[in-house]
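First the structure, in the form of C-alpha cells, and then the observations on it.
For clarity, every value in this text was computed on a predicted model and none was experimentally measured.
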Amino acid sequence: MKKVICFLAFIMMSPVFAADKLHVSAMSDFSSINPSGNFQVMLIEDGILNDVYMLKGDILNCTLKKITNPTRAKRDAKIYFNVVSYSDKKGTHKIEPKMIAKYTEKVLSVEEIKKTPPKKIAKKAVSTVGNFFVAGFSYGVSFVDGVKQNKEDNRLKSGVKQVYDDSFLSYVEYGHEVEIKEGQEFYLVVKKAKEEK
C-alpha cells in the first residue's frame with residue numbers, strides 16, 4: 001500500500017501533469033457561440049508560466065485552439081487557447097514551447113475555498129452523515145432552502161424547483177455556453193502542448 005501511495009505521489013508531481021494556474025481578467029468580450037480568433041487577458045495576480053515569473057498587469061496574447069459543446073450532466077462548453085506570447089514593460093515575448101490554456105471560472109485553492117459561502121458548505125455537510133449521502137434529508141434541506149430564497153415569487157414552487165436543481169434528475173440537462181465579458185475575472189490552467197506527429 002505504501003508503494004502505491006508513493007507511486008501516485010510521484011506521478012502527480014511529475015512534469016507531465018504540471019499545470020500553471022493564472023488568475024486573469026478579460027480585455028474584451030468572448031463567446032463560445034460566436035468566438036473570435038484572438039483573445040487577450042491581463043494577469044490580476046503574479047503567476048508563473050512555464051518557469052517564467054509574470055507580474056500583475058502583464059498581458060497574455062492567445063489564439064483560439066478549440067471549443068467543445070455543452071453536454072448533459074450540466075457540463076458547460078469548454079474553451080482552449082494557444083498562448084502565443086506575453087507583453088510586459090519590456091515588450092512582447094514569444095512563448096516557447098507551445099502552451100495550451102483552458103478557461104475555468106474557479107480552481108481549487110485555499111483562496112477559493114475561503115470564498116465559498118459557509119451556508120453552501122453547511123448544506124452539503126448536513127446532507128451527508130458518516131460519508132453516506134442521505135437522499136431524503138438532503139431533499140428536505142433543499143426544499144427549505146428554496147422556500148427561504150423564494151426565487152420564483154412563490155414559496156412552494158421555489159422549494160420544489162430547488163429540490164429538482166439539487167437532485168440527480170437535473171443532471172439530464174445540458175450545460176451552458178460560455179460568455180466572457182470584458183473585465184470578468186477567471187482562471188487559465190496552462191499546460192505544455194503535446195507534440196503533434
Quiz prompt | Closest approach of Gly183 to Ser25 (non-hydrogen atoms, all atoms of both residues) | solution = O-CB, 3.9 Å
Quiz item: Taking all non-hydrogen atoms of both residues, which atom of Thr92 and which atom of Ser85 are closest, and how far apart?
Solution: CG2-OG, 3.7 Å
Practice problem: Following the transitive rule for hydrophobic clusters with a side-chain heavy-atom cut-off under 4.5 Å over Ile, Leu, Val, Met, Phe, Trp and Tyr, establish whether Ile180 and Met27 coincide in one cluster. | Solution: no
Exercise. I would like to know whether Ser31 and Glu179 meet side-chain hydrogen bond (donor to acceptor under 3.5 Å, both in side chains); could you show each step before the answer?
Key: CA-CA 5 Å; Ser31 170; Glu179 297 286 337; 2.9 Å; yes
Quiz prompt | Backbone of Lys78 reached by a side-chain donor or acceptor of Thr68 within 3.5 Å | solution = yes
Quiz prompt | OG on Ser87 to CE on Met54, rounded to 0.5 Å | solution = 8.5 Å
Quiz prompt | Short side-chain to backbone donor-acceptor contact, Asp46 and Lys56, under 3.5 Å | solution = yes
Quiz item: Do Asn61 side-chain atoms and Gln40 backbone N/O form a donor-acceptor pair below 3.5 Å?
Solution: no
Self-check item: Closest approach of Pro97 to Asn50 (non-hydrogen atoms, all atoms of both residues)
Solution: CD-ND2, 3.2 Å
Exercise. Examine Val41 and Leu64 and state if one hydrophobic cluster contains both, with Ile, Leu, Val, Met, Phe, Trp and Tyr joined whenever side-chain heavy atoms are less than 4.5 Å apart.
Key: yes
Quiz item: If every non-hydrogen atom of His23 is compared with every non-hydrogen atom of Phe186, which pair is closest and at what distance?
Solution: CD2-O, 3.3 Å
Quiz item: Between Leu55 and Ile48, is there a shared hydrophobic cluster once you connect ILVMFWY residues whose side-chain heavy atoms come closer than 4.5 Å?
Solution: yes
Self-check item: From Leu60 atom CG to Leu43 atom CG, the distance as rounded to the nearest 0.5 Å
Solution: 5.5 Å
Practice problem: Calculate, to the nearest 0.5 Å, the distance between atoms CG and OG belonging to Asp76 and Ser32 respectively. | Solution: 8.5 Å
Quiz item: Among all residues two or more places apart in sequence or in another chain, which pass the ring-ring contact (aromatic ring centres under 6.0 Å, His included) test with Phe30?
Solution: Phe39, Phe81
Self-check item: ILVMFWY cluster, Val178 and Ile67 together (side-chain gap under 4.5 Å)
Solution: yes
Quiz item: Side chains of Asp88 and His93: closer than 4.5 Å at any heavy-atom pair?
Solution: yes
Quiz item: Do Glu185 and Tyr187 come close enough that some side-chain heavy atom pair is under 4.5 Å?
Solution: no
Quiz item: Where do Leu22 and Gly47 come nearest, in terms of heavy atoms and distance?
Solution: CD2-CA, 4.0 Å
Exercise. Check side-chain hydrogen bond (donor to acceptor under 3.5 Å, both in side chains) between Thr104 and all other residues, then give those that pass, not counting sequence neighbours.
Key: none
Self-check item: Lys192 and Met99, any side-chain heavy atoms less than 4.5 Å apart
Solution: yes
Quiz item: Are Val190 and Ile100 connected in the hydrophobic side-chain network, where two residues link if heavy atoms are under 4.5 Å apart?
Solution: no
Exercise. Measure across Glu177 and Pro70 and return the closest heavy-atom pair with its distance rounded to 0.1 Å.
Key: OE2-CD, 3.4 Å
